[in-house]
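Below: the structure, in structure tokens.
The chains referred to below are lettered A, B, ... by the order of the sequence lines, with proteins before strands, and numbering in each begins at 1. Side-chain atoms are counted along with the backbone in the values below, which use heavy atoms only and exclude waters and symmetry mates. Here the structure is a predicted model, which means the values were calculated and not measured.
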Number of protein chains: 2
Amino acid sequence: MRLVVARCSVDYVGRLTAHLPSAVRLVMVKADGSVSIHADDRAYKPLNWMSPPCRIEESPGVWRIVNKAGEELRIALEEILHDSTHDLGVDPGLVKDGVEAHLQELLAATPTVLGEGLTLIRREYPTAIGPVDLLCRDSTGATVAVEVKRRGEIDGVEQLTRYLELLGRDPLLAPVTGILAAQEIKPQARVLAADRGIRCVTVDYDALRGIERDELTLF
Amino acid sequence: MRLVVARCSVDYVGRLTAHLPSAVRLVMVKADGSVSIHADDRAYKPLNWMSPPCRIEESPGVWRIVNKAGEELRIALEEILHDSTHDLGVDPGLVKDGVEAHLQELLAATPTVLGEGLTLIRREYPTAIGPVDLLCRDSTGATVAVEVKRRGEIDGVEQLTRYLELLGRDPLLAPVTGILAAQEIKPQARVLAADRGIRCVTVDYDALRGIERDELTLF
DNA sequence: CTATAAATGTCGGAG
DNA sequence: CTCCGACGTTTATAG
């Protein structure tokens, strides 16, 4: 990884056109050839960047970074204040926990959290328009489609609505009702869900993990 | 901005739980207190980060970064290979061109691109659930709601569907038909749009800009 | 490779 | 502050 602090101006021409006037910034060149330009604010997002795979053409005062799609980043270096290179090696990578997949797993193991007497038919139930997160049966024998999200927003309601429409046409499954399950559900999503007869269930991830642990300790 | 290259391990506990095993990485601390941790690949996204506003507690071998929401990033520094600080000043910021707003502007000026005889009623037509990008009238006098996107996906169809449903209830506007206009339209969006009687129009941004230029040169 | 959904999305604007 | 939609979204994954 090469770190250059320099007064520079930058132009990007690709999916849009963008220009950065002259200022002091960090230019980061990574081992895969990718380049990003950071100002002294915002942790996450570079001002400008070029994702790998890409190629750097380095001439005295100008770096030109191009990719296969013809996008181009041009950095005019006016004054270099710092320039160092570091060998970082390959990163072992990130271990995550608590994303949607895991929440779905926990709910599949304890569907009663979503409703009294609910039993799992299967996870990732396949349909023509994509898999339904959880397909369940309630105590009356009716089918229940569950959409699992970390955060419940309008998208999730729309997605579930499409599944319900499709599943409802299947005589083996009909009638099918819907549940949107999420750690947090936005008001607008609640309103839309209510309007479509979809039940909203907020799920406490930590509590759910606790239940799992408790059930495991019973053995 | 402070740049530290160090062998470190990192834990994040917040919206999810994540762990980075020991390896050499770049730790970037920005003037606003935000922190990001970069490996030697991927230009855009850091392995881990904490967005501002946040607070850093620095003890000898451990940095603890917390925010108001109680999220925490903990960096265990095992071996520091580089440590430098740079004064970057305030960045003048980015000038962009070519995004949805501009596409909408161009289509508002030349609605006939979307359909023979189409005339603009108004841009950003306000409704209870948000503004309709373009409201037009076709040659038969019927109202046409246009949703403008850079890339047409299912979201755009759903959004337009909600507008059409609402606008269709207004006796002054009904009947209302819909057009999804985008530089590129995904197959799934096309299928859903067709199913709902929404017309899809792909727009060539550069050509449209050319038309604008040509019309200007007529004066 | 394309297409699709998730993301610690982030960011900006309107209310 | 919350809500909402755009983003050069980026990123991962399935087909």
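B:Arg123 has no carboxylate O lying under 4.0 Å from a charged side-chain N of B:Asp133, or vice versa, which leaves the two without a salt bridge. Ionic pairing of B:Glu72 and B:Arg74 is present here: one or more N-O contacts between side-chain nitrogen and carboxylate oxygen are shorter than 4.0 angstrom. The pair A:Lys186-A:Glu184 meets the salt-bridge criterion, since a charged nitrogen lies less than 4.0 angstrom from a carboxylate oxygen. Note on B:Glu153 versus B:Lys149: no salt bridge recorded, every NZ/NE/NH1/NH2 to OD/OE distance being 4.0 Å or above. Looking at A:Arg209 and A:Asp97, a side-chain N of the basic residue comes within less than 4.0 Å of a carboxylate O on the acidic one, giving a salt bridge.
Under the side chain to side chain donor-acceptor pair (under 3.5 Å) criterion, B:Arg2 pairs with B:Glu58, B:Asp83, sequence neighbours left out. Checked against side chain to side chain donor-acceptor pair (under 3.5 Å), B:Arg42 has no partners two or more places apart in sequence or in another chain.
Scanning residues 21-29 of chain B for heavy-atom distances under 4.0 Å to DNA chain C yields an empty list. A heavy atom closer than 4.0 Å to some atom of DNA chain C occurs in A:Arg42, A:Tyr44, these being the qualifying members of residues 37-44 of chain A.
When the shell of 6.0 Å around CZ of B:Arg55 is examined, it contains 12 or fewer heavy atoms from other residues, nucleotides or ligands.
Atom name P, nucleotides D:dC4 and D:dG8: the rounded distance is 22 Å, in whole Å. Comparing the P positions of C:dT10 and D:dA12 gives a spacing of 16 Å, expressed to the nearest Å.
The distance between atom CG of A:Leu160 and atom P of C:dA5, rounded to the nearest whole Å, is 13 Å. In this structure, the CG atom of B:Asp155 is 12 Å from the C1' atom of C:dT4, given to the nearest Å. Rounding to whole angstrom units, CD of residue B:Glu158 and P of C:dT4 are separated by 14 Å. Atom OH in A:Tyr205 sits about 12 Å away from atom P in C:dT8, given to the nearest Å. Between the NE2 atom of A:His102 and the C1' atom of D:dA12 there is a distance of 18 Å, rounded to whole Å.
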Along nucleotides 3-8 of chain D, 5' to 3', which nucleotides get a B, which get an S, and which get a -, given that the test is a protein heavy-atom distance under 4.0 Å? SS-SSB
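Summarising the geometry of B:Leu103 relative to B:Arg150, their closest heavy-atom pair is CD2-CA, 4.4 Å, with the distance given to 0.1 Å.
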For residues 44-51 of chain B, dump all side-chain donor-acceptor pairs below 3.5 Å to protein atoms at least two apart in sequence or in another chain.
none

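The ring of B:His19 has its center no closer than 6.0 angstrom to the ring center of B:Tyr12.
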